[in-house]
Amino acid sequence: MSDSRHLQCLIASLSRCRSLVHLQQIHALASKTGLDTDHLVVGKLLLLSAAVLPDALDYARRLFSVVPSPDPFMYNTLIRGVSDSDEPPHHPFLLYSRMCRQSVPPDSFTFAFLLKAAANSKSLVLGRQVHSHAVRHGFDAHLFVGTTLVSMYAECGRVAFARKAFDDIPQPNVVAWNAIITAHFRVDDMTNAERLFDQMPWRNLTSWNVMLAGYTGVGELEAARTLFRDMPQKDPISWSTMIIGFASHGHFDDAFGFFRQLLKEGLRPNEMSVTGVLSACSQAGAFETGKILHGHMKKSGLSTITAVANALLNAYARCGSIQMACQVFDLEMGKKSIVSWTSMIAALAMHGHGDKAIELFNEMEEHGLKPDGVIFISLLYACSHSGLVEQGYHFFHRMEDVYGIKHSIEHYGCMVDLYGRAGLLDAAYDFVMRMPIEPNAIIWRTLLGACSIHGNVGLAELVKKKLSKFEPGDSGDYVLLSNIYAVAGKWKDVANIRRSMNNESVRKHPGWSSIEVDKILYMFVANDECCSVKEEAYGKLMEILSRLRKEGYIPEVTSVLHDIEEEEKEDAIAQHSEKLAVAFGMARTSTGSAIMIVKNLRICRDCHLVMKLISKVYEREIVVRDRSRFHSFREGFCSCGDYW
DNA sequence: ATAGGGTTAG
């Protein structure tokens with residue numbers, strides 16, 4: 001066979017190549033005929049291993065390293081592959097500097113890929129450097145480079161630069177227009193985004209999707225809903241944008257609604273839409289719904305996708321079922337990513353199995369995966385929630401000393417929580433004072449939470465003073481401090497807090513509790529208008545409370561607290577949402593079955609007491625997931641031991 | 001000399 005015949009055969013089999021093994025066979029064949037040095041062949045091999053086939057980047061790097069003089073195409077292909085991988089974000093730029101040193105001329109592709117890499121790492125410094133190189137080589141007004149410049153500056157939060165880059169594109173196409181609209185949404189500039197959308201000379205489906213993503217991103221959910229209703233066509237991205245957008249803003253009912261509508265229209269859910277709906281399940285505690293979705297996903301094969309399995313694992317864990325979370329992790333997950341390990345560690349931590357979380361971390365290392373900064377947050381969280389102070393300290397230092405991962409504010413926060421929860425308040429305070437970065441409100445709030453658990457009035461007052469420097473104030477901080485005063489019997493201070501809460505500008509979180517009955521999610525929201533469900537719950541609650549009173553429940557002791565902790569309701573009759581939810585559960589579920597409730601804020605003392613009493617008097621197991629942990633009530637006791 | 005690659009939305 002002639003060389004050109006061989007080459008044609010090779011090219012043909014490369015275009016059919018679907019796996020790394022297949023690629024290696026073709027590569028071996030190429031070396032037999034000496035065609036493995038042909039630039040066209042190497043280029044195709046590189047393209048497949050770096051950008052098309054999954055997990056073949058190492059192979060691409062090895063291939064690249066033996067090419068004596070790589071051409072721009074090869075460099076570009078590897079730069080793209082590396083920036084899409086989990087290699088450190090500066091690696092694409094190292095390749096570019098090698099390219100420069102070897103005098104390989106960059107082209108428009110080179111700058112498009114590099115700018116995307118800069119955008120991914122949100123690094124304005126890198127982005128500007130690449131920009132100036134693009135100018136030097138005369139590619140800055142190139143349509144593709146210009147468009148990527150627009151989105152790079154947008155990702156770095158600089159609309160003015162993005163606008164300049166857009167204006168420099170001689171003939172912007174619809175893609176460039178879409179990019180500049182996105183840029184305005186990134187800085188919450190809805191007005192100009194809308195103006196550009198109206199002005200643009202042509203639109204494609206992505207233009208509408210850009211608007212949907214922009215609206216949901218800035219929290220304009222009703223604008224998104226209207227546009228979604230009126231847009232000329234919808235594709236899977238439009239649907240998942242709505243589901244994810246509504247779920248991420250706590251509008252679970254709407255997220256479920258869009259998902260149901262998608263099914264009703266005969267469309268198949270994809271990995272994005274199921275991830276979104278699972279996130280709604282996870283946040284709201286919709287366990288049964290999650291299980292049904294799981295069944296469908298097994299049939300459709302979606303559950304083998306790592307991101308989907310991670311979402312499923314997370315939903316099970318947050319709905320209270322560590323067993324099902326384990327099952328997904330151990331048996332059903334196709335390939336585990338670092339996110340999968342992190343999720344499982346967080347799941348174990350959430351359920352108080354700190355020791356198992358640490359074991360799992362070690363196991364991950366044995367599998368040869370390198371830990372990142374995020375997994376240490378889960379790990380430190382695991383330590384603090386299981387009282388493993390020494391282990392936490394150990395990991396905190398190892399992450400920098402052994403793994404070379406820089407501490408972020410979240411890691412410092414975990415350490416404050418670690419010391420604080422364990423009652424080492426002085427150590428916690430000392431740690432905050434010696435932190436190398438400026439403590440934020442979350443750090444102080446964590447410390448305040450610890451003061452609340454351990455009843456340290458003096459430190460709490462000091463911390464509250466630090467917190468008052470942050471604007472606007474948070475109602476949760478006032479609630480915590482008033483709890484601390486109330487437990488210490490300082491009723492006058494409790495009253496003062498209440499007064500200042502009314503006077504100062506305080507950000508109030510509306511409290512809600514949810515419960516799933518017969519696969520339907522019921523949300524009880526403070527201040528919500530009355531409805532038949534709420535009336536039913538309220539009626540049952542009155543009945544339960546009167547029985548509890550006969551059994552010795554004395555709400556008077558906590559009445560002042562109760563008053564303070566009212567979820568921003570002035571109405572004296574209105575009740576805490578978790579009490580309504582539990583009463584609704586008692587009314588609608590059969591004796592003997594457990595009741596699971598999810599609350600978005602911390603559970604208050606009075607509600608906690610009521611849950612304990614119900615679990616004893618009615619012999620019901622109740623699980624409450626609140627902002628900080630799971631509470632499992634059984635026979636009059638709570639798994640938290642009354643500290644939370 | 002030849003071909004092989006790109007930008008925006010979840």
Side-chain angles (χ1 to χ4, degrees), chain A residues 4 7-8 10-11 14-15 17 38-52 60 70-81 83-84 106-117 119 134 139 142-152 154-155 162 165-166 169 172-186 193 196-197 200 202-217 224 227-228 231 233-248 255 258 262 269-277 279 307 311:
Chain A
S4 73
L7 187 63
Q8 273 175 11
L10 219 52
I11 303 269
L14 278 167
S15 58
C17 177
D38 182 277
H39 270 215
L40 180 55
V41 172
V42 176
K44 280 197 178 273
L45 284 168
L46 263 174
L47 181 65
L48 281 164
S49 52
V52 180
D71 62 18
F73 176 83
M74 294 175 191
Y75 265 110
N76 293 346
T77 305
L78 197 62
I79 287 173
R80 170 156 69 127
S83 55
D84 288 343
D107 57 18
S108 62
F109 290 85
T110 317
F111 295 112
F113 294 149
L114 286 173
L115 287 168
K116 197 164 186 181
F139 288 108
H142 182 280
L143 181 58
F144 284 56
V145 176
T147 305
T148 322
L149 270 171
V150 171
S151 76
M152 182 276 292
E155 291 309 309
F166 178 76
I169 302 174
N173 63 1
V174 65
V175 180
W177 276 93
N178 292 341
I180 190 65
I181 291 174
T182 300
H184 285 89
F185 275 123
R186 288 280 182 272
L196 289 162
F197 182 69
M200 66 196 294
W202 340 259
R203 295 180 189 135
N204 58 12
L205 181 48
T206 302
S207 313
W208 269 276
N209 287 342
V210 160
M211 293 302 288
L212 291 183
Y215 281 141
T216 57
L227 196 77
F228 182 73
M231 62 199 278
Q233 287 141 39
K234 301 173 179 63
D235 70 355
I237 295 185
S238 326
W239 287 95
S240 54
T241 303
M242 297 305 280
I243 295 166
I244 293 168
F246 276 77
S248 67
F258 284 118
L262 176 152
N270 68 4
E271 72 268 27
M272 286 306 219
S273 48
V274 294
T275 307
V277 79
S279 147

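Per chain, numbering begins at 1; letters A, B, ... match sequence-line order.
As rounded to whole Å, 8 Å separates atom P of B:dG10 from atom CD1 of A:Ile237. At whole-Å resolution of the value, NZ in A:Lys234 and C1' in B:dA9 are 16 Å apart. Atom CZ of A:Phe197 is separated from atom P of B:dA9 by 15 Å (rounded to the nearest Å). A:Met152 has its CE atom 12 Å from the P atom of B:dT8, to the nearest Å. Between the CG atom of A:Leu115 and the P atom of B:dT8 there is a distance of 10 Å, rounded to whole Å.
Remark: the backbone N or O of A:Phe73 is paired with a side-chain donor or acceptor of A:Thr77 at under 3.5 angstrom.
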In the 5'-to-3' direction, what one-character label does each nucleotide of nucleotides 2-7 of chain B receive under the scheme B = base within less than 4.0 Å of a protein heavy atom, S = sugar-phosphate only, - = no such atom? -BBBBB
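The closest side-chain donor-acceptor pair between A:Asn209 and A:Thr206, if any, does not fall under 3.5 angstrom.
A donor-acceptor contact under 3.5 Å is not formed by the side chain of A:Thr241 with the base of B:dG10.
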For A:Asn178 and A:Met200, what are the C-alpha separation, side-chain angles and deciding distance, and is it a side chain to side chain contact (heavy atoms under 4.5 Å, CB included)? CA-CA 9 Å; A:Asn178 292 341; A:Met200 66 196 294; 3.4 Å; yes
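Partners of A:Phe197 according to the ring pair (Phe, Tyr, Trp, His ring centres under 6.0 Å) rule, which considers only residues two or more places apart in sequence or in another chain, are A:Trp208.
When side chains are defined from C-beta on, A:Phe111 counts as touching A:Pro106, because their heavy atoms get closer than 4.5 Å. No side-chain heavy atom of A:Met272 sits less than 4.5 Å from a side-chain heavy atom of A:Ile237.
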